[in-house]
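The figures that follow rest on heavy atoms only: side chains count, while hydrogens, waters and symmetry mates do not. Residue numbers begin at 1 in each chain, while the letters A, B, ... track the order of the sequences.
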Number of protein chains: 2
Amino acid sequence: MRDVTTAATTPTRNRRNRRAEILEAAARLFAARGFHGVSIEDIGGAVGVSGPALYRHFSGKDALLAEMLLDISSRLRESAVAVATSATDPRQALDALLNVQITFAIEQPALISVHDRELGNVPEPQRRQIRRLQRLYVEEWVTVLAELHPACPAARLRAATHAVFGLLNSTPHSAGELPERDMRPLLHTMAKAAIDAAVSVR
Amino acid sequence: MRDVTTAATTPTRNRRNRRAEILEAAARLFAARGFHGVSIEDIGGAVGVSGPALYRHFSGKDALLAEMLLDISSRLRESAVAVATSATDPRQALDALLNVQITFAIEQPALISVHDRELGNVPEPQRRQIRRLQRLYVEEWVTVLAELHPACPAARLRAATHAVFGLLNSTPHSAGELPERDMRPLLHTMAKAAIDAAVSVR
DNA sequence: CATGGATGTTAGTCATCATTAACGTAGTCG
DNA sequence: CGACTACGTTAATGATGACTAACATCCATG
């Protein structure tokens with residue numbers, strides 16, 4: 001994700017994708033030290049500009065965070081919808097959902113961390129929308145699970161879904177324990193088993 | 001946890017356990033808004049005193065956080081050691097470890113949240129010790145799992161352990177989805193299944 | 001009763017920080 | 001060329017916040 005569309009325009013440094021570059025750096029910093037633990041200066045410094053330059057790209061620190069969370073929530077939700085519409089049977093859909101979440105967790109650990117820690121710092125107008133997207137994402141999971149196990153009460157499916165997110169999103173914490181090559185199938189296996197256990201009886 | 005040992009000394013309010021009261025309130029606030037998102041004033045306010053009164057009990061905000069994390073890490077570790085020494089067979093030990101973690105996650109959600117988010121804000125001398133306790137706690141789990149599945153590589157067991165913590169610690173997020181009566185066995189079942197799946201070959 | 005320690009209170013002090021102002025520079029396009 | 005736009009820069013400015021000082025109270029104990 002260093003130089004994607006650029007790489008041709010400038011000899012000294014990157015240009016254009018400053019916005020994206022800032023969002024990425026900010027995500028890393030927020031994940032490491034928390035929203036309030038990071039200053040505008042820090043973020044600027046991380047992309048080679050200094051401080052108030054950020055205001056050329058974002059209306060403020062809050063707005064930056066809001067855009068970050070809005071972006072990840074939308075992408076997760078979109079992916080889930082895509083899965084739901086394209087999958088032929090629910091079992092396959094569940095596998096695909098697992099892969100979506102695992103991919104995000106492994107490839108964007110910082111974003112995932114920020115996503116489930118910093119919602120409280122997003123100002124009210126946009127917080128509502130992010131919450132909505134998150135809710136819709138969960139509901140995609142619950143819908144698939146309900147098709148697989150119609151007898152299981154929805155509340156239980158929702159709780160199980162949250163637990164599985166916790167399991168999958170643990171990746172940022174256990175960073176480096178295992179190479180991605182092994183981590184990915186391990187998470188998939190564990191999550192699947194956890195779900196099966198959750199919906200079977202009792 | 002409102003009035004434990006007190007209740008006899010004062011008609012107006014609590015006395016003595018101010019320290020504990022402060023730690024508890026701070027945990028709740030840190031969990032909700034993050035270490036830097038909470039002011040000394042906020043913490044004081046939450047226990048009915050105002051601001052600098054805290055310095056009568058703690059040498060500073062950092063020290064307060066450090067003590068909080070040190071306390072929970074020790075308690076977790078101690079419980080795990082107790083389990084390991086008292087259990088007769090590893091299967092039973094694993095069940096007991098699961099119950100320990102589930103109990104903490106359900107009864108002290110704030111502490112658990114802070115525990116795996118705010119370590120980075122603890123000053124260096126004590127951070128090392130907390131990390132050490134956390135590592136020892138994980139190793140208790142790994143040891144038990146290794147007894148159950150000697151063929152499974154330790155790295156995989158460690159990764160699986162972290163994943164299970166993620167699953168169990170998701171409780172604070174899905175707060176209220178399900179009553180504790182149902183949540184507790186659900187988490188136990190899911191975690192057990194996830195572990196079994198993790199250690200069975202591939 | 002006087003003294004001292006534990007616990008609070010309010011009014012600074014000094015940093016840090018988000019945000020704004022005022023002011024360049026480069027390249028684009030008319 | 002000229003001027004507009006996109007992006008940066010370095011100084012304010014104004015809040016907020018951690019921590020300290022100076023000053024009560026309460027209560028136990030000699």
**Message:** The criterion is salt bridge (charged side-chain N to carboxylate O under 4.0 Å, His left out); which residues satisfy it with A/Asp62, sequence neighbours excluded?
**Reply:** none
**Asked** With sequence neighbours excluded, what pairs up with A/Asp95 under the salt bridge (charged side-chain N to carboxylate O under 4.0 Å, His left out) test?
**Response** A/Lys192
**Prompt:** Think A/His57 has a side-chain N or O under 4.0 angstrom from the OP1 or OP2 of D/dG8?
**Reply:** yes
**Request:** Mind checking side-chain contact (heavy atoms from CB on, under 4.5 Å) for B/Arg127 and listing every partner two or more places apart, or none if nothing turns up?
**Result:** B/Leu119, B/Val122, B/Glu124, B/Arg131
**Message:** Given 3.5 Å as the limit, does a donor-acceptor pair link the side chain of B/Asp42 with the main chain of B/Ser39, or not?
**Reply:** yes
**Request:** Pull out every residue in residues 118-126 of chain A that has a heavy atom closer than 4.0 Å to any atom of DNA chain C, ordered by number, or say none.
**Result:** none
**Request:** Using whole Å, report how far CZ of B/Phe58 lies from P of C/dA6.
**Result:** 16 Å
**Asked** Separation of A/Leu65 atom CG from C/dC17 atom C1', in whole Å?
**Response** 17 Å
**Prompt:** If you look only at pairs with a residue in residues 31-54 of chain A, which of them pass as a ring pair (Phe, Tyr, Trp, His ring centres under 6.0 Å), with sequence neighbours excluded?
**Reply:** A/Phe30-A/Phe35
Between the protein and nucleotides 3-5 of chain C, which nitrogen or oxygen pairs come in under 3.5 angstrom?
none

**Asked** Who passes side-chain contact (heavy atoms from CB on, under 4.5 Å) against B/Arg56, sequence neighbours left out?
**Response** none
**Request:** Kindly write out the residues that satisfy side chain to side chain donor-acceptor pair (under 3.5 Å) with B/Ser86, not counting sequence neighbours, or none if the list is empty.
**Result:** none
Each nucleotide N or O in nucleotides 18-21 of chain D that has a protein N or O under 3.5 Å away: list the pair and distance.
from   : atom 1 : to      : atom 2 : distance (Å)
D/dA18 : OP1    : B/Val38 : O      : 3.3
D/dA18 : OP1    : B/Lys61 : NZ     : 2.9
D/dA18 : OP2    : B/Ile40 : N      : 2.7
D/dC19 : OP2    : B/Tyr55 : OH     : 2.7
D/dC19 : OP2    : B/Lys61 : N      : 3.1
D/dC19 : O5'    : B/Tyr55 : OH     : 3.2

**Request:** Could you list the residues that satisfy side-chain contact (heavy atoms from CB on, under 4.5 Å) with B/Ala46, not counting sequence neighbours?
**Result:** B/Ala25, B/Leu29
**Item:** side-chain contact (heavy atoms from CB on, under 4.5 Å) against B/Ala159, all qualifying residues, sequence neighbours excluded
**Value:** A/Glu177, A/Leu178, A/Met183, A/Leu186
**Asked** Tell me, do A/Arg18 and A/Val49 make a side-chain contact under 4.5 Å, heavy atoms counted?
**Response** yes
**Pairs satisfying ring pair (Phe, Tyr, Trp, His ring centres under 6.0 Å), at least one member in residues 78-100 of chain A, at least two apart** = none
**Asked** What's the CG-P distance between A/Leu54 and D/dA6, to the nearest Å?
**Response** 18 Å
**Rounded distance (Å) that lies between atom C1' of D/dA6 and atom CG of A/Asn17** = 15 Å
